[in-house]
Amino acid sequence: MNRSLGRGSSGPGQAPHAGLPLRRGRVLALASALAVAPMVTGFPQLSSQASAHPVKSHTRTLGFVASSVASMRVARGASSSAASTPGAPDPLVTALAGAQTPVQDVSGAVTVVAVTWPKNAVPTHDQFQIRTLSGVTWSQWQAFDLDPADGPDPTRAAATTTGGTSPYIVTGASKYQVRSLSTDPTAPTAAKVQVVDPGTSAADTIVAAPGAASAAAARPVIYSRASWGADESLRHWDPSYGKILIGFVHHTVSSNSYAPSDVPAMIRGIYYYHSITLGWGDIGYNFLIDRFGRTWEGRYGGVSRPTIGAQTYKYNSVSMGVSAIGNFAIAPVPQAMTNAFKRIFAWKFSLAGIPANGNVPGVATQSWSSAKYFQRISGHRDGFQTDCPGQYLYNKLPEIRAGAAALMAAPKPAPKPAPKPAPKPSVAPWAVTRYTGYKAVVVQQGSRGAAVVVLQRALKATPDGSFGPKTRAALVAFQTQQHLARNGVANRPVWNRLELRDYPLIGYRGLTLRQGSRGAAVAVVQRALRLSADGIFGPITATGVKAVQAGARLARTGVVSGWTWVAVESRMR
């Protein structure tokens, strides 16, 4: 969001992958109970891309440890500070007091780091810096941005009690360290380091295509909050609405080399920091655009409405804010990202009834900057003393304005008929196994293809996709063992028995058990958890279930249903 932000594992309730491998030896103990289990059949195989769902983020706080500035200057492995302006001295040279955190491990692909303090508790001359370790090389120390150039407008800002830097998004690094520098030798360190682990989700790879629009000022493809795994329980401010007179362009100042699958976690980390740590009630930006040209919904309130964000301090009620994910003070802007800016501004300005070009007079009641006017599409730096959105992106603003204007002037396409909704699956995803999609497929000697490969792997035959004599012999041996017709044909009964062998709790996944439940299904859970199998679901069983849920990063409800059955089954390995 601001100039110096940095150059550069699934949450509770997440659905683990169905189809966890099991040790066959553990299956035998449950054979009698499983003999009466209902079979799940006839559901097409799910793709590897899971549906989007909320993802819980986790946060922790680090304290600073006072450190001699002299020792920091000569420490082994010490690195210099990146200059915020050409020729500026290293802040460590002028510092009279310092503190730093121990070196921290990066826990996942994306970690969000920031520094906070009680409001007004940190002198303006203090500076906070971060460095990251990639391979065996430490980066330069990067300064966190302290400028109040973003955040909610004054009325709502007055209700917050925490001040803080903009977040630094760590990607592609194994370790990081944060330090505090001050020119006041007596200044106490009231600040704390906030670390957000945004979690991981199978839905993080759900989106791969850039966010194009069909033509003119049509609505572009906008990936919803659900697509990046927004946990709506973190949003504690109801949306409010203003009017759009201007659009501000920002950048998040994160890494520019992130992968497509990193983006949802990056947005989740910013969301948690803005909403919870800083108390802004939600993510500050209205929209975010990644380097692949995809546009993501930011602030809650409806993408077509003039939702008031927390992206340009004092200007939020008369503006919209779109942030580029990356640091464009140090790297050129991908053309796909530039084009996405054109599309989102063209569409939103069309809804607001304003042009993409021209000037906006200063509005005294809004406490605008000393500038007498702004252009309709402006950079964050036009209203504040900040480098945001970086010089490379700022240089792209004329092209963005012209491109948005051209899209708005183009004839609108004829409306297309609404697509028919996709049929909803008849079986929940946690009831799906690697055999589910092949229940209706019959293969025999001479058959070829994916179903043959699945069968060969199940029978421990060479998975070459060609059903030959060796595969038939292995299948006949399995049919003999299972007391099935020894015809060498893989049909529904064969698939069902393979599934029951490899997924012994598949028949139970539609059941719900909780404290007070009794019967054979409870005993099955207890045996899987290596508890006394008395068939009575009491506090000890509930504790064992919660432990399994915690290990699988599911909500610790103590209730056995859905994905918890999958997690319990995995304990039988």
Side-chain angles (χ1 to χ4, degrees), residues 1-2 4-6 8-9 11-12 55-66 98-123 126-133 141-152 157 159-171 173 175-182 188-200 229-231 233-237 252-255 262 265-285 310-311 323:
M1 185 179 290
N2 293 321
S4 53
L5 181 60
S9 5
V55 178
K56 294 287 186 183
S57 297
H58 304 276
T59 185
R60 60 191 179 94
T61 300
L62 302 174
F64 286 100
V65 178
Q100 56 189 3
T101 67
V103 173
Q104 302 293 310
D105 290 327
V106 176
S107 58
V110 176
T111 298
V112 176
V113 183
V115 182
T116 62
W117 52 84
K119 189 177 285 188
N120 302 320
V122 169
D126 279 13
Q127 184 171 136
F128 301 99
Q129 298 180 319
I130 184 171
R131 65 174 181 167
T132 59
L133 180 68
W141 288 95
Q142 307 285 338
F144 287 97
D145 198 333
L146 296 167
D147 293 336
D150 43 46
T160 63
T161 60
T162 300
T165 67
S166 292
Y168 186 104
I169 304 175
V170 179
T171 59
K175 297 179 184 295
Y176 66 91
Q177 186 176 27
V178 180
R179 73 183 183 187
S180 167
L181 301 174
S182 178
T189 304
K192 300 289 184 183
V193 177
Q194 307 295 334
V195 182
V196 180
D197 172 8
T200 57
D231 177 4
S233 68
L234 302 182
R235 180 176 52 79
H236 55 277
W237 281 1
T252 62
V253 201
S254 59
S255 165
D262 291 335
M266 297 169 80
I267 300 175
R268 288 197 298 271
I270 297 171
Y271 171 49
Y272 188 97
Y273 180 67
H274 284 182
S275 181
I276 301 301
T277 308
L278 293 182
W280 293 356
D282 198 350
I283 192 170
Y285 308 115
Q311 42 83 24
S323 188

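With hydrogens and angles ignored, the 3.5 Å screen pairs no side-chain donor or acceptor of Arg179 with any backbone N or O of Gly98. The closest donor-acceptor contact from the side chain of His274 to the backbone of Trp280 lies at 3.5 Å or more, if one exists at all. Side-chain atoms of Thr111 do not come within 3.5 Å of backbone N or O of Val106 as any donor-acceptor pair.
Side-chain contact check for Val55 versus Arg268: some heavy-atom pair is nearer than 4.5 Å. Contact annotation: the side chain of Val115 approaches that of Phe64 to within less than 4.5 Å [non-hydrogen atoms, C-beta and beyond].
For Tyr271, the side-chain hydrogen bond (donor to acceptor under 3.5 Å, both in side chains) partners at least two apart in sequence or on another chain are Arg225. Looking at residues two or more places apart in sequence or on another chain, you find no side-chain hydrogen bond (donor to acceptor under 3.5 Å, both in side chains) involving Thr277. Listed by chain and residue number, nothing satisfies the side-chain hydrogen bond (donor to acceptor under 3.5 Å, both in side chains) test with Ser275 (two or more places apart in sequence, or in another chain). The side-chain hydrogen bond (donor to acceptor under 3.5 Å, both in side chains) test applied to Gln177 returns Arg131, not counting sequence neighbours. The side chain to side chain contact (heavy atoms under 4.5 Å, CB included) test applied to Ala173 returns Thr132, Ser134, Val170, not counting sequence neighbours. Every side chain to side chain contact (heavy atoms under 4.5 Å, CB included) that Val196 has, sequence neighbours left out, goes to Ser57, Thr59, Val112, Tyr272.
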| task | In sequence, state the C-alpha distance, the side-chain angles, and the governing distance for Thr165 and Trp117, and then conclude on side chain to side chain contact (heavy atoms under 4.5 Å, CB included). | result | CA-CA 9 Å; Thr165 67; Trp117 52 84; 3.8 Å; yes
| said: Assess the residue pair Ser180 and Gln100 against the criterion (side chain to side chain donor-acceptor pair (under 3.5 Å)); give the C-alpha distance rounded to whole Å, side-chain angles, the decisive distance to 0.1 Å, and a yes or no. | reply: CA-CA 6 Å; Ser180 167; Gln100 56 189 3; over 6 Å; no
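The distance from the CD1 atom of Ile283 to the CD1 atom of Ile270 is 5.5 Å, given to the nearest 0.5 Å. To the nearest 0.5 Å, atoms NE2 (His58) and CG (Asp197) are separated by 6.0 Å. The structure places CG of Leu62 at 4.5 Å from CD of Gln104, a figure rounded to the nearest 0.5 Å. With rounding to the nearest 0.5 angstrom, the CE atom of Met266 is 4.5 Å from the CD1 atom of Ile169. Between the CG atom in Leu133 and the OH atom in Tyr176 there is a gap of 13.0 Å [rounded to 0.5 Å]. Put simply, NE2 on His236 and CD1 on Ile276 are 5.5 Å apart, with the number rounded to the nearest 0.5 Å.
Taking every heavy atom of both residues into account, Tyr273 and Ser166 meet most closely at CE2-C, 4.3 Å. Taking every heavy atom of both residues into account, Ala66 and Ala99 meet most closely at CA-CB, 3.8 Å. Residues Thr101 and Gly63 come closest through the heavy atom pair CG2-O, 3.7 Å.
In this structure, Phe144 and Tyr168 have perpendicular ring planes: the angle between them is above 60°, well past the 30° mark.
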